[in-house]
Amino acid sequence: YYLMPLALYCMPFTLSLPAAIARGFRRDSGMNPDGRIFLLVWAISHFVFFTASAGKEMRYFLPAIPPFLILLGIELSHFFCPRRAANPRRDRAGFLAVAIGVPGVLGGAFFGLIKWHKANPYHDWSQVWPSYVICTSVLTIALISSAWLYLRRREHASFGMLIGGMWVFWLLMWSMMMPIMASERPARDFAEQLSNLRATWPGWKDSRIFQVGSQDSRITWYSDVRFPRVIDQLRLLEMQGGKRSRAREIQLIGEEMVRRLAMDEPVLFVATRADYVTFLAEAPPHLASQGREMPQSHLWLQTRIGPQGRHFVLFGNMPPPWPEPALNPPSDRLRPPQGQKSS
């Protein structure tokens, strides 16, 4: 998993990473031996630690990026050095690979963008495709121009074109594509429903609301509704004897949810669609194996736009003050086996 953030954060020099790391192991690399060892220990130890860590996110890998970038800088200084021995056949092959491969990959990615937009139709297509074409055109021109200048043995100009083109590309991506690709409209939609519920439903003050799994700060930020987790993280760690186990945590949280759903006092839970479906699919057979029944639960709210992977739901132990909605779209995991009727 942690190869992905490493490759992403080191773009567009990702393909030079193996050579950069290999140069760090060369004793004749031109680097100070102590500095070379320091960089390798820093890079490798962080990579191993974050890869082995049970809980991690993309941003957790940022402390490991500086040594990889320094090693890349050393490798690129050798690659773009004018004193480097010329290899016309290799340089021509590199230019052709860039001139054919970059437009081919980015053109193929356009069809992936079409598929993505069908699953995320909350932006008009007329906003999406021009932004992609502009950003990728800048990147294509920069990379091909850099490869052509390198072929002409103008290494400094080649490196300058690469860096300048990437700056323009990232600035355009950040302002044009990122608001589309990382849109917060699904989070805003659910937060707005949650905020409206608090403002209009008199029974809100009598209910207790809890977060299932990881909290999403955007929901709290946009709705101004604050609620704790089902089990506090430190308490959850204490219940496991200080040793984290994802399977054990899911079981403990599920048991606490069942306990609260069976109580007389009103309770509500905020969960991702995936966690909600997992709870409804796995809790009943788990309880049945212990001779226990699954308490009733009722769906209140759900995200109305965006892909299922970014949906949240609100459910509780009492029916909502309006007709209870059905999970939309339905989940295959909650459909009874063929020949059985749903309860």
Side-chain angles (χ1 to χ4, degrees), residues 1-85 87 90 94 97-98 101-102 105 139 142-143 146-147 150 155-174 177-178 181-182 213-217 233-234 236-237 240-246 249:
Y1 170 76
Y2 257 43
L3 285 173
M4 183 175 68
L6 176 60
L8 177 65
Y9 289 141
C10 290
M11 286 180 62
F13 313 114
T14 304
L15 295 179
S16 296
L17 270 172
I21 296 170
R23 187 172 293 280
F25 285 95
R26 297 179 190 171
R27 295 189 176 183
D28 59 345
S29 62
M31 283 188 275
N32 179 286
D34 293 339
R36 177 171 56 84
I37 294 172
F38 174 75
L39 288 173
L40 290 173
V41 170
W42 183 2
I44 294 173
S45 63
H46 273 66
F47 183 83
V48 171
F49 173 81
F50 285 113
T51 299
S53 176
K56 54 195 172 189
E57 295 182 21
M58 287 277 285
R59 63 181 183 271
Y60 291 176
F61 195 66
L62 287 174
I65 292 299
F68 285 107
L69 293 181
I70 295 171
L71 289 170
L72 271 172
I74 295 170
E75 169 61 23
L76 292 174
S77 70
H78 284 269
F79 185 83
F80 286 96
C81 180
R83 296 187 299 273
R84 184 180 184 184
N87 189 329
R90 179 200 61 198
V98 171
V102 170
V105 170
L139 180 63
L143 293 178
S146 177
Y150 190 86
E155 289 84 354
H156 288 167
S158 173
F159 186 67
M161 175 61 72
L162 179 62
I163 298 301
M166 286 306 302
W167 269 105
V168 175
F169 168 72
W170 283 119
L171 288 172
L172 290 173
M173 277 288 293
W174 192 258
M177 286 300 296
M178 290 304 290
M181 303 299 293
S214 298
Q215 290 175 309
D216 191 311
S217 58
Q233 287 297 92
L234 293 178
L236 192 60
L237 190 62
Q240 299 174 88
K243 296 181 179 179
R244 291 193 65 186
S245 165
R246 179 173 174 79
E249 287 185 3

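Please read all numbers here as calculations on a predicted model, not as lab measurements. Throughout, residue positions are numbered sequentially from 1 according to the sequence presented.
Heavy-atom minimum distance, Glu75 versus Ser16: CG-O, 4.3 Å. Of all the heavy atoms in Pro67 and Pro63, the pair that sits closest is CD-O, 4.2 Å. Between Ser158 and Ser146, the shortest heavy-atom distance links the atoms OG-O, 2.7 Å. Residues Phe13 and Leu72 share a closest heavy-atom pair of O-CD2, 3.6 Å.
Here the CG atom belonging to Leu40 is positioned 6.0 Å from the CG atom belonging to Leu71, to the nearest 0.5 angstrom. Expressed to the nearest 0.5 Å, how far CH2 of Trp42 lies from CD1 of Ile65 amounts to 10.5 Å.
Under the 6.0 Å cut-off for aromatic ring centres, Phe159 and Phe79 do not qualify, their centroids lying 6.0 Å or more apart.
Taking the side chain as every heavy atom from C-beta outward, Leu162 and Tyr150 never approach each other to under 4.5 Å. The shortest distance between side-chain heavy atoms of Glu155 and Cys81 does not fall below 4.5 Å.
Among residues two or more places apart in sequence or in another chain, the side-chain contact (heavy atoms from CB on, under 4.5 Å) test is passed with Ile70 by Leu39, Ile74.
Looking at Gln240, its side chain does come within 3.5 Å of a backbone N or O of Ser245 through a donor-acceptor pair.
Counted within 6.0 Å of CZ on Arg90, heavy atoms from surrounding residues, nucleotides or ligands total more than 12; the atom is thus considered enclosed.
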Check step by step if side-chain contact (heavy atoms from CB on, under 4.5 Å) holds for Met166 and Leu139.
CA-CA 7 Å; Met166 286 306 302; Leu139 180 63; 3.6 Å; yes

